[in-house]
Amino acid sequence: MADLLQGWKRTHYCAEPAQAEVGTEVLLMGWADSWRNLGSLIFIGLRDRSGVMQVTFDESSLPKDVFTLAETIRNEYVLAVKGVLCERASGMVNKNMATGQYEVRATALKILGAAETPPIYVQDDLDAAEQVRLKYRYLDLRRPCMQKNLIMRNKVTQVTHAYFEEKGFLEIETPILCKSTPEGARDYLVPSRVQPGKFYALPQSPQQFKQLLMVSGYDRYMQIARCFRDEDLRADRQPEFTQIDLEMSFVDRDDVLEVNEGFIARLLKETLNYDVKLPLPRLSWQEAMDRYGSDKPDTRYGMELCDVSEIAKACDFSVFSGAVEAGGSVRCINVKGGADQFPRKKLDELSEFAKIYRAKGLAWMGLKTDGLQCTFAKFLTGEQIAAIQQKAGAKQGDLLLFVADAKNSVVYASLGALRQEVAKRLNLIPEGMIDLLWVVDFPLLEYDEEEKRFTAMHHPFTSPMDEDIQYMDTDPARVRAKAYDMVMNGNEIGGGSIRIHSPQLQEKMFETLGFTKEEAWRRFGFLMEAFKYGTPPHGGLAYGLDRLVMLITKAQSIRDVIAFPKVQTASCLMTNAPDIVDQQQLDELSLSIQHE
RNA sequence: GGCCCGGUAGUUCAGUUGGUUAGAAUGCUAGCCUGUCACGCUAGAGGUCAGGGGUUCGAGCCCCCUCCGGGUCGCCA
């Protein structure tokens with residue numbers, strides 16, 4: 001069988017040839033990015049992952065068969081071109097092209113693969129529907145901007161490996177077929193063939209395994225780990241995603257934070273050449289909620305929340321006073337100079353926006369030049385209005401937006417989201433700035449209205465703060481955790497905690513979460529058993545790699561930094577997964593499908 | 001599970017109160033062309049208007065259902 005390449009070897013990537021090589025013979029391989037046939041002169045843009053080089057075929061200086069073959073080239077044909085690297089004459093330089101001062105004058109050509117007309121254009125300024133892009137993902141991924149994203153993703157994982165290797169971390173793989181854990185997200189289940197009726201779960205994270213590795217003395221562990229959660233998708237959430245997962249022994253919170261500040265600084269330096277100022281600021285969870293209405297605050301701009309409950313509770317506006325009396329609050333944000341930028345129609349839009357977050361409505365007070373525009377002024381005394389304006393720092397021209405609710409969580413969520421929305425609309429978010437901070441001192445538990453019990457805010461292995469352990473029985477909501485999140489420009493990019501390493505405390509935690517002792521041992525017995533045999537204090541952190549790369553590349557969707565992502569229905573438009581399977585496969589697994 | 005937006009040549013879109021044979025650009029095919037680079041010129045092909053049902057003399061357009069995609073709330077320890 002004759003070899004297709006017949007010994008042809010690529011000498012350069014398309015965009016690689018340099019000034020010093022002008023006049024030398026090069027051999028390029030790639031895809032036809034464009035073709036322009038002028039009759040007896042043909043121009044081909046030849047593309048590979050490095051870029052595009054123009055190749056010329058000149059009828060007058062080529063054997064007939066080579067030129068005839070070149071005439072058949074169409075977009076996306078795969079070519080091997082031998083030729084001489086030439087400098088273009090000054091009038092022919094293309095300034096829009098990185099290699100625009102060169103071209104390769106072809107002397108020989110092989111067509112390595114023909115191509116049908118592609119359904120989408122392979123170019124950056126493509127506005128094809130994402131549905132089409134994802135069906136033909138292999139073509140979409142040929143586009144330079146997509147290649148740039150995946151190359152950046154590779155850069156991130158390489159820096160990650162290098163940094164943690166230097167710091168003495170070992171990469172250790174953990175299982176993909178795991179035991180289902182009831183707490184947390186919904187598990188993807190895998191039926192067992194050899195044990196009918198039993199199931200594995202795909203890991204939501206390597207959490208328990210990495211803790212067991214600490215018990216085993218591996219001391220510093222890291223892994224770039226695939227994780228799975230069977231929950232609904234978002235622009236920044238996929239059912240399978242990748243974590244940079246790490247765990248350390250013999251450490252306290254500040255040790256973990258220090259290693260990770262070093263990491264993020266190194267990462268942003270090597271990827272974006274951005275200098276991060278260390279140490280990173282720290283904000284307690286309570287302060288983050290009070291000032292920004294979010295546990296992942298975007299602190300690139302102000303417009304902080306202001307609590308006016310004290311003034312509001314005494315007023316005759318029952319929406320305000322009632323909320324405070326019921327244990328909630330009244331808070332506002334001050335949109336500086338916003339009074340004239342938000343006419344009634346836009347305020348109604350903002351009101352609708354707030355309702356998405358369960359706010360019952362939006363009250364406002366605009367300090368306009370022609371007087372006060374306020375939805376509730378008639379219920380308040382002049383002193384009360386003045387007190388609110390003073391508390392919020394409102395000046396002439398400002399706009400105050402209020403949310404009152406019996407639940408502080410609603411006030412925080414709606415006003416926090418409103419703050420972001422208004423900032424976006426008014427372009428208050430500085431371009432090019434990267435804002436990093438830690439949010440610390442999270443509550444250990446939160447009350448689940450549906451299940452009528454406390455659940456772990458982080459996960460059930462998170463250590464309570466030593467001084468708060470005393471409240472675990474009497475006032476669980478008051479207990480703070482040794483947990484921390486790293487926040488970048490309003491996005492949670494990583495989170496972790498110091499773990500419980502005492503079997504007694506771990507048992508107590510499960511008790512607080514409402515597990516019976518038997519249940520806790522059935523589900524997590526292996527972990528509590530392990531803790532009995534000598535467990536170092538330990539803690540760790542995990543980053544969402546996809547989200548991190550998305551922020552670094554400024555991609556609009558997490559799908560743009562994952563080679564083969566899934567759509568909102570958790571299916572893959574290219575392979576058509578998930579799909580039905582043969583009856584025989586079901587039989588082997590002792591499964592039967594209930595059809596409606 | 002809820003709310004919002006979208007689906008018309010390969011692709012991106014237009015399509016008037018519901019009225020003749022559904023258009024444009026680009027891509028594609030063929031011919032001509034030696035300096036193009038969004039090449040140019042000439043000619044041509046290309047449609048399940050997402051699918052189903054309904055209203056009507058008549059539906060791309062109005063109504064109902066379904067499917068597909070996007071955003072989002074819930075959910076995501």
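Numbered from 1 within each chain, the chains take letters A, B, ... in sequence-line order. Worth saying up front: this structure is predicted, and the values here are computed from it rather than measured.
- The side chain of A:Arg234 contributes an N or O atom lying less than 4.0 Å from OP1 or OP2 of B:rC73.
- Heavy atoms only, all atoms of each residue included: A:Arg499 and A:Leu246 are closest at NH2-O, 4.5 Å.
- Dashed line: the shortest gap from a side-chain N or O of A:Arg36 to OP1 or OP2 of B:rC39 is under 4.0 Å.
- Base pairing of B:rA43 is made with B:rU29, judged by Watson-Crick or G-U wobble geometry with both donor-acceptor distances under 3.5 Å.
- Ring geometry, A:Phe510 versus A:Phe461: the interplanar angle exceeds 60°, so the pair is classed perpendicular (tilted spans 30 to 60°).
- Taking a 6.0 Å sphere around CZ of A:Arg358, one finds it holds 12 or fewer heavy atoms contributed by other residues, nucleotides or ligands.
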Residue pair A:Asp560, A:Arg143: steps toward the salt bridge (charged side-chain N to carboxylate O under 4.0 Å, His left out) verdict: CA-CA 11 Å; A:Asp560 285 342; A:Arg143 296 160 60 222; over 6 Å; no

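- Between A:Leu233 atom CG and B:rG71 atom C1' the separation is 12 Å, expressed in whole Å.
- Closest contact between the side chain of A:Asn96 and the listed nucleotides B:rC76, B:rA38, B:rG27 involves B:rA38.
- Checking the phosphate oxygens (OP1, OP2) of B:rU34, a side-chain nitrogen or oxygen of A:Ser40 falls inside 4.0 Å.
- Remark: A:Arg74 is in phosphate contact with B:rA30, judged by side-chain N or O atoms under 4.0 Å from OP1 or OP2.
- Of the nucleotides present, B:rC68 is the one that pairs with B:rG6 by Watson-Crick or G-U wobble criteria, both distances under 3.5 Å.
- Here the C1' atom of nucleotide B:rG27 and the CD atom of A:Glu76 are 13 Å apart, to the nearest Å.
- For A:Glu103, counting side-chain heavy atoms from C-beta on, the closest listed nucleotide (B:rU12, B:rG35, B:rU72) is B:rG35.
- Distance from the side chain of A:Glu130 is smallest to B:rG70 among B:rC68, B:rU26, B:rG70.
- Picking from B:rG27, B:rU34, B:rG35 the nucleotide with the shortest atom distance to the side chain of A:Asp58 gives B:rU34.
- When each of B:rC76, B:rG27, B:rU12 is scored by its nearest atom to the side-chain atoms of A:Arg237, the top-ranked nucleotide is B:rC76.
- Here A:Gln204 does not reach the OP1 or OP2 of B:rC76: none of its side-chain N or O atoms lies under 4.0 Å away.
- Rounded to whole angstrom, the span from the CG atom of A:Asp236 across to the C1' atom of B:rC73 amounts to 14 Å.
- Between the C1' atom of B:rC39 and the CE atom of A:Met92 lies a distance of 14 Å, rounded to the nearest Å.
- With the nearest nucleotide of RNA chain B identified for both A:Pro118 and A:Asn94, A:Pro118 has the one nearer the 5' end.
- If you measure from atom CD of A:Glu231 to atom P of B:rC76, you get 6 Å, rounded to the nearest angstrom.
- Among the protein residues, A:Ile356 comes within range of the sugar-phosphate backbone only, with heavy atoms under 4.0 Å from sugar or phosphate atoms but none that close to a base.
- In summary, the side chains of A:Gln204 and A:Tyr188 do not present any donor paired with an acceptor at a separation below 3.5 Å, with no hydrogens or angles considered.
- In this entry the distance linking CZ of A:Phe57 with P of B:rG35 reads 18 Å, nearest Å.
- Close to B:rG71, at under 4.0 Å from its OP1 or OP2, lies a side-chain N or O of A:Arg559.
- Between A:Glu71 and A:Phe57 there is no side-chain heavy-atom pair separated by less than 4.5 Å.
- Spacing between B:rG15 and B:rG47 at atom C1', rounded to whole Å, works out to 14 Å.
- Side chain of A:Leu41, nearest nucleotide from B:rG70, B:rU12, B:rG35: B:rG35.
- Ranking B:rU12, B:rU26, B:rG74 by closeness to the A:Ala129 side chain, first place goes to B:rU12.
- Phosphate proximity of B:rG69 to A:Thr569: present, with a side-chain N or O under 4.0 Å from OP1 or OP2.
- Close to B:rG69, at under 4.0 Å from its OP1 or OP2, lies a side-chain N or O of A:Ser571.
- Using cut-offs of 30° and 60° for the angle between ring planes, the A:Tyr138 and A:Tyr136 rings count as perpendicular.
- Atom CE in A:Met97 sits roughly 18 Å away from atom P in B:rG35 (whole-Å rounding).
- Here B:rG1 is the nucleotide among B:rG1, B:rC37, B:rC28 with the atom lying nearest to any side-chain atom of A:Asp232.
- Checking the phosphate oxygens (OP1, OP2) of B:rG27, no side-chain nitrogen or oxygen of A:Trp35 falls inside 4.0 Å.
- Not one N or O on the side chain of A:Asp33 forms a donor-acceptor pair closer than 3.5 Å with the backbone of A:Gly45.
- Looking at heavy-atom distances under 4.0 Å, A:Ser557 makes no contact with the nucleic acid at all.
- At the heavy-atom level, A:Leu573 lies under 4.0 Å from the strands shown only through sugar-phosphate atoms.
- In this structure, B:rG23 forms a base pair with B:rC13, meeting either the Watson-Crick or the G-U wobble geometry with both donor-acceptor distances under 3.5 Å.
- Nearest to the side-chain atoms of A:Gln568 among the listed nucleotides B:rU11, B:rG71, B:rC28 stands B:rG71.
- With rounding to whole Å, A:Tyr357 atom OH is found 16 Å from B:rC4 atom P.
- Under 4.0 angstrom from either OP1 or OP2 of B:rC32 there lies no side-chain N or O belonging to A:Asn37.
- Of the candidate nucleotides B:rC75, B:rU36, B:rC76, B:rC76 has the atom nearest to the side chain of A:Ala185.
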